[in-house]
Amino acid sequence: MMEKVTVGLGERSCDIEIGSGTLSGIGERAARFGFSPTVGIVSNPTVFGLYGEEVMHSLNDAGFNCFSTLVPDGEEYKDYFWSYHILTDLLKNRLDRNSCVVALGGGVIGDMAGFAGSVYMRGIHLIHIPTTLLAQVDSSVGGKTGVNHAAGKNMIGTFHQPRLVWTDISTLRSLPGSELLCGIAEIIKYGVIRDAGLFGVLEEKREAILNLDTDIIGYLVKRSCQIKAEVVSIDERESGLRAILNYGHTIGHAVETETGYSKYLHGEAVAIGMCLAARLSEELGMLESACAERIKSVVSAYGLPSELPKDMNGDKLISLISMDKKATAGEMKFILPKDIGKVVIHKGVDLKILKRIVGH
Ligand SMILES: NC(=O)c1ccc[n+]([C@@H]2O[C@H](COP(=O)([O-])OP(=O)(O)OC[C@H]3O[C@@H](n4cnc5c(N)ncnc54)[C@H](O)[C@@H]3O)[C@@H](O)[C@H]2O)c1
Ligand SMILES: [Zn+2]
């Protein structure tokens with residue numbers, strides 16, 4: 001099985017190639033681009049320990065000289081300092097303007113390798129090998145790179161499209177269950193914003209999905225990539241449509257900030273955000289209660305949280321929501337479902353109604 005999705009952006013277009021057990025094929029595929037021989041693999045010790053050797057072998061067999069540059073495992077290392085460390089390794093190994101950086105790992109590694117690759121000599125080639133479900137359906141697609149700053153998450157970054165996304169879904173077998181669910185939350189998001197059929201598959205095939213059935217996971221990854229690719233190719237720099245990908249994220253980010261990034265994983269906070277945004281839409285008379293209920297049910301069926309913790313301060317949350325970096329001129333912007341598969345960008349939500357949803 002090898003499926004292909006293309007992010008259509010003219011000469012910056014990028015293929016996403018999705019298969020199972022395909023890691024050892026990366027060398028041959030990368031060799032077709034004609035990059036310079038030295039390739040830097042950016043990873044962390046966890047992922048590199050599992051898959052580094054296979055990727056290195058494959059690239060070396062195809063005629064590349066590989067070196068690895070590792071960043072400690074964790075979101076707390078996704079910063080400028082560790083990007084500088086990656087850049088130092090790229091310089092020491094004399095990568096040139098036709099060289100390629102390979103990001104092997106989840107979204108943290110993808111964002112950092114992408115950032116380093118985008119500023120090294122004003123931008124060199126990048127290949128993503130995403131190994132978490134979230135990275136396979138979300139962060140490896142669309143060209144956003146970034147690192148965190150003490151003053152805010154993902155505040156330093158660039159747009160830099162990869163040349164190739166090489167997705168091997170068999171790598172998900174070693175992924176901790178809670179991390180898998182974060183990817184599921186993003187797939188639920190794609191269903192709600194764009195595809196009722198995909199949403200239906202999530203409802204009906206729960207067991208096969210959680211057992212990592214190759215065909216079903218292959219379908220979910222492909223369909224999610226198609227949806228993100230379609231949105232990104234219409235609005236790469238988020239001046240309009242791309243904002244729909246933030247469904248569940250406005251409230252989700254506020255929940256993550258309020259809980260100090262320690263209580264919830266990103267996908268868990270987004271799951272809460274999607275349920276609350278659905279209730280908000282219901283409250284505004286834009287969504288039938290049965291649809292809001294379906295969203296909540298599917299979130300709960302995967303064991304993801306659907307409600308705010310009881311001790312959360314609603315006013316604090318609202319003030320965080322209004323400070324969201326995507327709010328323009330202080331106006332709160334929500335992505336609200338009108339039906340399963342259809343959302344609208346809604347500005348100027350009445351504070352009283354919002355309080356009813358998030359207040360206790
Ligand atoms: N660029 C974008 O468009 C975009 C979109 C969404 C999220 N992001 C970013 O992505 C990051 C989150 O990514 P993530 O959820 O993949 O987290 P992550 O990269 O931290 O990976 C989660 C954990 O799983 C481990 N891991 C990865 N693959 C594994 C495997 N196959 N087997 C066993 N363990 C494995 C990692 O070492 C890590 O401990 C955040 O920093 C977020 O800002 C970026
Ligand atoms: Zn997300």
Side-chain angles (χ1 to χ4, degrees), residues 7 23 42-52 54-55 70-79 82 103-115 117-118 126 128-149 152-162 165 167-190 193 212 224-225 228-229 231-232 236-238 242 244-253 255-256 261 264-274 304 325-326 335:
V7 186
L23 271 191
V42 180
S43 191
N44 70 28
T46 313
V47 179
F48 198 76
L50 289 162
Y51 304 111
E54 193 172 353
V55 169
L70 302 187
V71 174
D73 189 355
E75 177 81 32
E76 64 269 38
Y77 303 103
K78 196 180 108 170
D79 63 12
W82 282 99
L104 174 65
V108 166
I109 290 298
D111 278 10
M112 286 183 84
F115 179 64
S118 75
L126 169 70
H128 279 301
I129 306 183
T131 61
T132 63
L133 185 58
L134 182 132
Q136 294 180 355
V137 301
D138 192 353
S139 61
S140 67
V141 184
K144 280 190 185 176
T145 83
V147 295
N148 302 325
H149 187 281
K153 206 172 172 274
N154 290 329
M155 283 297 172
I156 317 286
T158 56
F159 283 96
H160 187 62
Q161 293 297 336
V165 180
T167 297
D168 178 349
I169 59 173
S170 74
T171 57
L172 301 177
R173 299 216 162 265
S174 55
L175 191 65
S178 56
E179 297 292 348
L180 187 82
L181 294 182
C182 285
I184 298 284
E186 301 288 354
I187 302 173
I188 295 173
K189 173 188 83 179
Y190 291 121
I193 64 172
L212 296 179
S224 299
C225 289
K228 185 157 184 189
V231 170
V232 167
E236 187 185 13
R237 299 214 164 213
E238 200 166 328
R242 189 165 178 167
I244 69 170
L245 299 172
N246 296 323
Y247 168 56
H249 283 63
T250 312
I251 299 173
H253 285 149
V255 170
E256 283 182 289
Y261 292 93
Y264 297 109
L265 291 170
H266 172 72
E268 294 168 340
V270 167
I272 296 172
M274 290 192 292
L304 287 160
K325 79 170 170 205
K326 284 168 184 156
I335 312 303

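Whatever order the structure lists ligands and atoms in, that order sets their numbers, starting from 1.
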Do any nitrogen or oxygen atoms of [X] come within less than 3.5 Å of a nitrogen or oxygen of ligand 1?
| X | value |
| --- | --- |
| Glu75 | yes |
| Gly107 | yes |
| Asp138 | no |
| Val108 | yes |

List ligand 1 atoms under 4.0 Å from [X], heavy atoms only on the residue side.
| X | answer |
| --- | --- |
| Asn154 | 43 (O) |
| Glu179 | 22 (C), 23 (C) |
| Lys228 | 3 (O) |

Handout entry: Passing candidate, side chain to side chain contact (heavy atoms under 4.5 Å, CB included) with Val55, options Asp168, Leu23, Val47
Key =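 Passing option: Leu23.
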
Part of [X] with heavy atoms under 4.0 Å of ligand 1, whether side chain, backbone, both or neither:
| X | answer |
| --- | --- |
| Lys78 | side chain |
| Thr131 | both |
| Thr145 | neither |
| Asp111 | side chain |

Practice task
Applying side-chain hydrogen bond (donor to acceptor under 3.5 Å, both in side chains) between Asp138 and each of Lys144, Lys228, His266, report the one that passes.
Solution key: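 Only match with Asp138 under side-chain hydrogen bond (donor to acceptor under 3.5 Å, both in side chains): Lys228.
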
Problem - Name of the Glu186 atom (N/O/S only) found closest to the Zn ion (ligand 2) - result: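 For Glu186, the N/O/S atom sitting closest to the Zn ion (ligand 2) is OE2.
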
Handout entry: Heteroatom of His266 nearest to the Zn ion (ligand 2) (N, O or S, atom name)
Key =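 This turns out to be NE2.
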
Practice task
Determine whether any heavy atom of His266 lies closer than 4.0 Å to an atom of ligand 1.
Solution key: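 Under 4.0 Å: no for His266.
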
Problem - atom 25 (C) of ligand 1: any protein heavy atom closer than 4.0 Å - result: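 When distances to the protein are checked, atom 25 (C) of ligand 1 has no heavy atom within 4.0 Å.
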
Handout entry: Of the listed options Ala135, Gly157, Gly143, Ser139, closest to atom 4 (C) of ligand 1 (non-hydrogen atoms)
Key =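 Among Ala135, Gly157, Gly143, Ser139, the closest heavy atom to atom 4 (C) of ligand 1 comes from Ser139.
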
